[in-house]
Every structure is written in structure tokens, then in C-alpha cells.
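Not measured: the values here are computed from a predicted model. A, B, ... follow the sequence lines: proteins, then strands. Residue 1 opens every chain.
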There are 2 protein chains.
Amino acid sequence: MPRINRTRFAILGMLMSGPRSGYDLKKDFEEQISNFWSESLGQIYPALGRLKEEKFVSVKIKREKGRPERKVYRITKKGEKAFRDWLDLPAEPIRWRNELLLKVFFGSAMEPTDVLRHIEQLQAAELKTQSLYQHYENEIETRDASPERRLYWRLALSSGRHINEARLTWCSEAINEIKKFANKPKSRKKKSDD
Amino acid sequence: MPRINRTRFAILGMLMSGPRSGYDLKKDFEEQISNFWSESLGQIYPALGRLKEEKFVSVKIKREKGRPERKVYRITKKGEKAFRDWLDLPAEPIRWRNELLLKVFFGSAMEPTDVLRHIEQLQAAELKTQSLYQHYENEIETRDASPERRLYWRLALSSGRHINEARLTWCSEAINEIKKFANKPKSRKKKSDD
DNA sequence: ACGGCCATGTAATCAGTTACATGATTCA
DNA sequence: TGAATCATGTAACTGATTACATGGCCGT
């Protein structure tokens with residue numbers, strides 16, 4: 001069966017909380033859900049065009065002095081129906097493609113120190129992400145949205161925080177295990193120059 | 001900059017531990033790393049063709065009675081070099097696209113019970129995955145591989161286990177929070193027929 | 001003057017899945 | 001005989017990113 005196009009529904013979902021331009025949508029995706037979703041402008045603009053043709057959205061051109069022209073899209077009744085129908089469908093499981101784990105899996109083709117380097121890079125990135133979460137959580141509370149919308153926003157964010165913590169835990173464990181392995185004299189290969 | 005083709009390196013990595021056919025590769029991807037990687041035959045066969053042209057692999061046709069002809073690929077010195085060069089590069093961060101979280105984020109367009117249904121579906125799937133991990137972990141020990149290869153195999157697997165646990169924790173928390181919200185009389189909408 | 005942001009869009013390319021096409025063997 | 005597995009490949013299509021193209025405004 002053909003896969004459904006999620007970009008369309010991500011856009012419709014955003015338009016549910018008010019009309020926006022393509023450019024606005026891109027910013028909202030990044031500011032609100034970059035944690036688990038991303039769309040490029042190269043997808044957003046064509047998708048908006050198709051949604052327009054199908055009458056899932058309507059457009060109004062807004063001119064404001066001192067700014068370029070903007071095409072502001074508003075979801076229609078027909079669009080809302082389509083969006084709710086999609087919401088009802090079970091979510092498709094994600095397909096993982098994790099390059100770091102692939103490299104770790106092939107780790108025996110490297111020196112242990114090289115594997116450690118890779119994991120430490122992930123660890124550094126995850127620590128950065130971790131420090132962002134507190135910031136995001138505070139920001140939700142400053143947004144003008146209903147308690148219900150805040151609840152779901154918080155839940156989506158907390159999912160990211162849990163995964164982030166899990167990755168950090170794994171990094172520590174993996175680093176320990178690799179060091180333990182590398183220090184066993186029996187298992188070291190050539191290069192005994194230490 | 002152009003993205004690098006990871007399929008090629010996933011294949012080369014598999015060939016590092018012995019020659020295989022395209023069909024074998026597909027099975028190995030599924031049995032060993034489906035946890036964080038997947039390749040379809042529609043990608044494997046063309047990729048093998050290109051790797052052959054570039055002299056990263058060599059081919060031998062194997063005929064065994066009672067079985068169709070197989071093309072068995074072996075990594076060359078040149079291929080090993082290319083593989084190690086790729087291993088050295090830092091891994092690119094994964095692009096998340098999580099349809100379930102997208103639906104949860106848009107949860108205020110549904111009844112809380114519908115959001116709960118989605119999360120419970122994820123929970124059921126993750127519980128299934130959880131029960132698979134013990135099985136996989138036992139299997140690693142039965143495989144004919146060096147302690148080093150087993151270590152990295154175990155680490156790649158344990159990453160999945162940590163993420164799985166994190167998702168299950170999140171599911172429980174999310175279910176609780178949504179139920180708490182839905183039971184607050186103030187925040188319920190129409191449909192007071194209970 | 002130049003960089004950065006606002007704003008829209010198209011084209012080229014790559015990545016990836018599914019369907020199509022073929023054909024042998026084995027087992028029920 | 002018909003389904004399942006082994007085995008290889010191509011074609012069609014969808015998905016997604018990046019580069020290209022255009023142009024105005026604002027601040028330094």
C-alpha cells in the first residue's frame with residue numbers, strides 16, 4: 001500500500017492553531033517540534049500548493065509595509081476533516097537509521113580508542129541537547145496556548161528528554177565497557193607500545 | 001555538501017566478516033541490526049553493482065545443487081580502505097521523524113481517549129520489542145564471533161534496550177498525565193454523558 | 001556596500017520502498 | 001498443484017534535502 005504523506009498533515013496540524021505562511025510554518029516546525037519532526041521549505045511550498053488545489057487550505061495575500069508579500073494559508077472545513085481522519089489512523093512505527101550505532105556495530109574494524117571517540121562525540125551532542133530541554137520547557141509556559149495544548153506540547157517534549165537521558169546513560173556504559181575491554185592485556189592487538 | 005551513501009558502507013561492513021550474496025546481506029541486516037538499520041533488496045542489488053564497478057568488491061558465482069545460482073561478493077583491499085575511511089568520519093546525527101509524537105503534539109484536536117489509544121498502541125509495541133531483547137542478547141552469545149565483535153554487537157543492542165525502556169517509561173507517564181487531565185471536570189469539553 | 005533576515009518558489013539529486021518480472025526447489 | 005523459500009534484478013514512485021533563482025528591507 002502507498003505510504004501516506006505526513007508532510008501534508010504536519011502542515012494541516014499547524015494550521016489548526018491559526019493561519020500561517022510557508023515561511024511561518026518552517027519556523028514553527030523548528031521552534032516547536034524540531035525535537036521529533038522536520039520539514040524543509042523545499043517540501044513545504046509544493047505541499048501548500050497541493051493542499052490549495054485540493055481545497056484543504058485557502059490563501060490570502062498579506063501586504064505589510066516594510067515587509068515582502070506573504071501568502072497566508074488557512075485550513076478549511078474540508079482540511080480539518082482530512083486532518084482528523086489522519087489523526088484517527090494508528091501511527092506508523094519509525095524506521096531507525098542510526099549511523100553511529102552502525103559504526104559501533106562495526107567497531108572491531110577500528111581501534112577501541114576510535115570507537116570511544118565516536119561515542120564521546122555523541123555524548124557531547126546529547127549533553128548539549130539536554131541543556132536545551134530546560135529552556136524549551138520554560139518556553140512552553142510562556143506561550144499563549146490552552147492548558148490542553150500545553151499538556152501535549154509538554155508530553156512531546158518529555159519524550160525527547162527521556163530518550164536523551166537514555167542515550168546519555170548508554171554512552172557512559174558503553175565508554176566503560178570499551179575501556180574495560182581495551183585494558184584487558186589479552187585482548188589487545190599489536191601496537192604494544194604503551 | 002552531498003550526503004554520503006550509507007548503504008554502501010553498511011554492505012562493506014557486513015562483507016568485512018566474510019563473503020555474502022545480496023540475499024544473505026538482506027537477512028543479516030534483518031537478523032543482526034534491524035534494531036537500528038534497514039536496507040531493502042531494491043537498494044542492496046544496485047549498490048552491489050556499483051561497488052563491483054568501483055572494484056570495492058569482487059564476485060564469484062556459486063552453484064550448489066538444489067539451490068538457485070548465487071552471486072557471492074567479497075570485499076577487496078580497496079573496499080576495506082574505503083570502509084575504514086568512512087568509519088573514521090564522524091557519524092551524522094539522525095533525523096527524527098516520529099509520527100506518534102506528531103499526533104500527540106496535535107492531541108488537542110482529539111478527545112483525550114483517542115490520544116490514550118495511540119499511546120497504548122505504542123506501549124504494546126514497545127512491550128513486544130522489550131521481550132525480544134532478551135532473546136537477541138542470548139543469541140549473540142551463540143554466534144561464532146570474537147569477544148570484540150560480541151562486545152560491539154552487545155553495545156549496539158543495549159542502546160536499543162535503553163531507548164525501549166525510555167519509551168515505556170514515557171508511555172506510563174503520559175498515560176497518567178492525560179488521565180489526570182481528562183478527569184479534571186473543568187477541562188472536559190461537551191459530551192458530559194458519563 | 002554587505003550580510004542577514006524576510007519571503008517564495010523551482011530544479012536537481014539522492015534515498016528508499018514497493019511492485020513487477022523471472023525462475024528453481026522443496027514441502028505439504 | 002500451490003505456497004514458501006531461495007535468488008536476482010529492474011522500474012515506478014514517493015520522499016526529502018540541497019542548490020539555485022529572485023528580490024526587498026534593515027542595520028552597521
Side-chain angles (χ1 to χ4, degrees), chain A residues 1-11 19-31 33-34 36-53 57 59-73 86 92-99 102, chain B residues 1-11 19-31 33-34 36-53 57 59-73 86 92-99 102:
Chain A
M1 68 192 113
R3 291 195 303 290
I4 51 170
N5 184 331
R6 294 174 205 79
T7 298
R8 305 154 53 74
F9 298 108
I11 290 174
R20 285 163 168 79
S21 69
Y23 198 81
D24 292 339
L25 283 164
K26 172 65 177 162
K27 274 199 300 181
D28 288 336
F29 284 130
E30 262 168 24
E31 285 169 18
I33 59 175
S34 59
F36 55 86
W37 204 261
S38 78
E39 297 289 353
S40 61
L41 285 168
Q43 267 197 285
I44 292 171
Y45 286 121
L48 282 168
R50 284 197 304 279
L51 288 169
K52 174 75 205 309
E53 275 175 45
V57 298
V59 204
K60 277 219 175 101
I61 294 174
K62 289 265 162 86
R63 288 182 196 80
E64 284 172 72
K65 56 178 177 186
R67 298 173 110 221
E69 238 176 33
R70 299 167 69 234
K71 287 192 181 178
V72 177
Y73 294 84
W86 168 78
E92 268 176 62
I94 1 159
R95 301 186 183 73
W96 273 87
R97 272 198 149 200
N98 190 323
E99 193 177 4
L102 192 64
Chain B
M1 65 192 115
R3 290 194 302 289
I4 51 171
N5 186 331
R6 292 173 207 81
T7 298
R8 307 154 52 74
F9 298 108
I11 290 175
R20 284 164 169 79
S21 69
Y23 199 81
D24 291 338
L25 283 163
K26 171 67 178 161
K27 274 199 299 181
D28 287 336
F29 284 130
E30 264 168 24
E31 285 169 20
I33 59 175
S34 60
F36 56 86
W37 204 262
S38 77
E39 298 288 352
S40 61
L41 285 169
Q43 267 197 285
I44 292 171
Y45 286 120
L48 282 170
R50 285 198 303 278
L51 288 169
K52 175 76 205 308
E53 276 175 44
V57 297
V59 203
K60 274 215 177 103
I61 293 174
K62 290 262 162 89
R63 288 182 196 79
E64 285 172 72
K65 56 179 176 188
R67 298 173 109 218
E69 236 176 35
R70 298 168 70 234
K71 287 192 181 176
V72 177
Y73 295 84
W86 168 77
E92 269 177 61
I94 1 158
R95 310 188 221 310
W96 273 87
R97 273 200 147 198
N98 189 321
E99 192 177 4
L102 191 64

| query | For residues 43-51 of chain B, which residues have at least one heavy atom under 4.0 Å from DNA chain D? | reply |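 Here the set is B:Tyr45.
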Using OP1 and OP2 only, check whether a side-chain N or O of [X] sits under 4.0 Å from [N].
X       : N      : value
B:Thr7  : C:dA15 : no
B:Asn5  : C:dC14 : no
A:Ser38 : D:dT17 : yes
B:Lys62 : D:dA7  : no
B:Tyr23 : D:dT8  : no

I need the [atom1]-[atom2] distance between [X] and [N], as an integer number of Å.
X       : N      : atom1 : atom2 : value
A:Lys26 : C:dC5  : NZ    : P     : 14 Å
B:Asp24 : D:dT5  : CG    : C1'   : 13 Å
B:Glu92 : D:dA16 : CD    : P     : 17 Å
A:Glu30 : C:dC6  : CD    : P     : 11 Å
B:Arg6  : C:dA15 : CZ    : P     : 8 Å
B:Glu53 : D:dG9  : CD    : P     : 13 Å
B:Asp28 : D:dC6  : CG    : P     : 13 Å
A:Arg70 : C:dA7  : CZ    : P     : 5 Å

At what distance, to the nearest 0.5 angstrom, does [atom1] of [X] lie from [atom2] of [Y]?
X       : Y       : atom1 : atom2 : result
A:Ser34 : A:Lys26 : OG    : NZ    : 9.0 Å
B:Asn5  : B:Trp86 : CG    : CH2   : 11.0 Å
B:Arg8  : B:Leu51 : CZ    : CG    : 5.0 Å

| Under the side chain to side chain contact (heavy atoms under 4.5 Å, CB included) test, which residues partner B:Asp28, sequence neighbours left out? | B:Met14, B:Arg20, B:Gln32
| query | Who are the side chain to side chain contact (heavy atoms under 4.5 Å, CB included) partners of A:Pro93, not counting sequence neighbours? | reply |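 A:Pro93 satisfies side chain to side chain contact (heavy atoms under 4.5 Å, CB included) with no residue once adjacent residues are dropped.
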| request: Just jot down the side chain to side chain donor-acceptor pair (under 3.5 Å) partners of A:Glu69, sequence neighbours excluded, or say none. | output: A:Arg63
For [X], report the nucleic acid contact type (base, sugar-phosphate, nothing); a contact means any heavy atom under 4.0 Å.
X       : result
A:Arg97 : sugar-phosphate
B:Tyr73 : sugar-phosphate
B:Gly42 : base

| query | Between B:Arg97 and A:Glu92, does at least one N-O distance fall below 4.0 Å, as a salt bridge requires? | reply | no
| message | Starting the side chain at C-beta, find the nucleotide from D:dT17, D:dT8, D:dC6 nearest to A:Ser40. | response |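 Given the options D:dT17, D:dT8, D:dC6, the side chain of A:Ser40 is closest to D:dT17.
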| request: Would you indicate whether A:Lys52, at its atom NZ, is surrounded by more than 12 heavy atoms from other residues, nucleotides or ligands within a distance under 6.0 Å? | output: no
| Nearest nucleotide by nearest heavy atom, which residue falls closer to the 5' end of DNA chain C, B:Glu39 or A:Ser21? | A:Ser21
Side chains of residues 43-50 of chain B: which donor-acceptor pairs under 3.5 Å do they make with residues two or more places apart or in other chains?
{"from": "B:Gln43", "atom 1": "NE2", "to": "B:Thr7", "atom 2": "OG1", "distance (Å)": "3.3"}

| Given A:Glu39 and A:Ile11, is the side-chain contact (heavy atoms from CB on, under 4.5 Å) satisfied, shown in steps? | CA-CA 9 Å; A:Glu39 297 289 353; A:Ile11 290 174; 5.8 Å; no
| Could you run down nucleotides 21-28 of chain D 5' to 3' and tag each one B, S or - for protein heavy-atom contact under 4.0 Å? | --B-SS--
